[in-house]
Amino acid sequence: MAWFEGFERQTLTVAGLPVCFRRTADWAAQAHLPVLVLLHGFPQTHVMWHRVAQQLKGRYRLVMPDLRGYGDSSHAVGDAQHQHYSKRAMAQEVVGLLDALGVGDFFLCGHDRGGRVAHRLALDHASRVKKLCVIDIAPTLDMYSGHWGKTPEVSGPVADPYFAFAQAYYHWFHLTQPAPLPEFMIGGNPKAYLHAKLGGWGSQGLGYIEPEALAEYERCFCNPDLNERGWSAAIHSAAEDYRASAGLDLEHDRESRARGDKIACDTLVLWGDRGVVNRMFKPVALWQAQCAGQVSGQVMPSGHFIPEELPEATSDALAKWMV
């Protein structure tokens, strides 16, 4: 099957910034089909959805953007409060892209960081989201706060779940350090860092990744282009995503919870049985607490990168849910 056969790659300017994305090629001819938006995670780009997209084309009009700070979308220098890379700002950019495409309401699915953007989008733009799916995450505030929802499976020399979580997700703490420390450390060998991340979190190496996709991840994450401060633009913008999540995003989440805001639509949660979320958290219970609709869950026989490790099973789950 040809690489992204049936899809076209475009870049649109949204609020003055470039947003790269792929969408169904026969967009106008398939106007009768519902729209499904697929959001990628770290350290990837929209190409992580290639196999899923091939399975789902003809059922939906698909939109797969590179999130702000990733791939061939914008890589602006972050501000002091990391507001530019807040999930609220990133979600607003996704909505702006869909406005430009003439899309009203839509189905929404996000993996990893894309799931966090999708969560905020579903809160801030509730009338736009028909149904939601989040893949291999628990709510950000719960994860940072150690709200496990279960007795975590902990092994090793220190029998403390937060210690185990910090070891498994050390990047949640490393990438939030002030710039440019993570930028310089990762920039010393970005390919090795990228491969370690893509092969980790229960995914058992890089064998699940198509060569075309791995080449794209390497091209984008290891991009030598520097921003105006002389730092790797790609690594800096990814770090800013995490800095926002450890600061401003938590403020937004606390404010939403204090107001009683909840995801209005029904929500599907998928997570891998070899991943950190499965070991440490009870995702259905944690998401149901943040959702006014019905939450359903399915554990998948995989590591963290479920859409690429199990594209057919992921596609089947989405096709059954997004109706």
Side-chain angles (χ1 to χ4, degrees), residues 4-41 44-50 52-54 56-79 83-134 216 220 233-234 237-238 240-241 244 249 252 263-265 318 322:
F4 276 110
E5 179 182 354
F7 298 90
E8 60 184 13
R9 184 182 182 277
Q10 294 181 303
T11 299
L12 288 179
T13 299
V14 178
L17 295 173
V19 179
C20 174
F21 64 101
R22 271 190 171 91
R23 70 171 179 176
T24 300
D26 298 328
W27 185 259
Q30 297 189 21
H32 61 288
L33 295 177
V35 172
L36 171 57
V37 180
L38 301 173
L39 304 180
H40 68 86
Q44 299 172 298
T45 74
H46 77 272
V47 305
M48 66 160 283
W49 295 109
H50 168 243
V52 169
Q54 294 295 349
L56 294 178
K57 69 179 181 182
R59 290 178 177 263
Y60 308 93
R61 287 186 294 165
L62 296 172
V63 180
M64 299 164 280
D66 284 344
L67 291 172
R68 173 180 291 184
Y70 293 89
D72 291 313
S73 290
S74 67
H75 294 273
V77 173
D79 56 280
Q83 187 167 1
H84 186 73
Y85 291 94
S86 71
K87 303 309 152 294
R88 174 162 284 159
M90 294 169 77
Q92 182 60 59
E93 184 166 85
V94 173
V95 169
L97 171 63
L98 295 167
D99 288 344
L101 296 176
V103 175
D105 56 8
F106 49 89
F107 296 114
L108 178 63
C109 176
H111 172 256
D112 188 81
R113 311 306 294 175
R116 304 189 189 286
V117 175
H119 179 199
R120 177 45 58 185
L121 195 159
L123 289 174
D124 289 356
H125 307 273
S127 65
R128 304 290 291 272
V129 183
K130 295 159 71 173
K131 283 187 178 180
L132 174 66
C133 175
V134 292
E216 276 293 282
C220 294
S237 57
E240 282 294 294
D241 172 11
D249 290 344
H252 292 161
I263 298 167
C265 62
L318 291 177
M322 303 298 189

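Everything quoted here is computed from the prediction, not taken from an experiment.
Rounding to the nearest 0.5 angstrom, the gap separating the OG atom in Ser73 from the CZ atom in Arg68 is 9.5 Å. The distance from the NZ atom of Lys130 to the CG atom of Asp105 is 5.0 Å, given to the nearest 0.5 Å. Expressed to the nearest 0.5 Å, how far CE of Met48 lies from CG of Leu38 amounts to 8.0 Å. Distance CG/Asp66 to CD/Glu93: 10.5 Å, rounded to 0.5 Å.
Figure legend: Lys131 and Phe107 shown without cation-pi pairing, the cationic atom not lying both under 6.0 angstrom from the six-membered ring centre and within 45 degrees of its axis. Note that Arg9 lies outside the cation-pi zone of Phe4, set by a 6.0 Å cut-off to the ring centre and a 45° limit from the axis.
Between the side chain of Thr24 and the backbone N or O of Leu62, at least one donor-acceptor pair lies under 3.5 Å.
Contact detail for Val134 and Gly115: the closest heavy-atom pair is CG1-O, 3.9 Å. Here the closest heavy-atom approach between residue Val103 and residue Arg128 is recorded as O-NH2, 2.9 Å.
Of the charged side-chain nitrogens involved, at least one lies within less than 4.0 Å of a carboxylate oxygen, so that Glu8 and Arg23 count as a salt-bridged pair. Contact check on Asp249 versus Arg116 returns no salt bridge, with no Lys/Arg side-chain nitrogen under 4.0 Å from an Asp/Glu carboxylate oxygen.
Under the 4.5 Å side-chain criterion, counting only non-hydrogen atoms from C-beta, Cys133 is in contact with Met322. Looking at heavy atoms from C-beta onward, Val129 lies in side-chain contact with Phe106 at the 4.5 angstrom threshold. At a threshold of 4.5 Å between non-hydrogen side-chain atoms, the residues His40 and Leu67 count as touching.
A ring-centre distance under 6.0 Å is not found for His46 and Phe21. Taking the six-membered ring wherever Trp is involved, the centroid distance between the rings of Tyr85 and His75 does not fall below 6.0 Å.
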Are Lys87 and Asp241 close enough, and set up right, to give a salt bridge (Lys or Arg N to Asp or Glu O under 4.0 Å), and what steps lead you there? CA-CA 8 Å; Lys87 303 309 152 294; Asp241 172 11; 2.9 Å; yes
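When the shell of 6.0 Å around CD of Gln10 is examined, it contains more than 12 heavy atoms from other residues, nucleotides or ligands.
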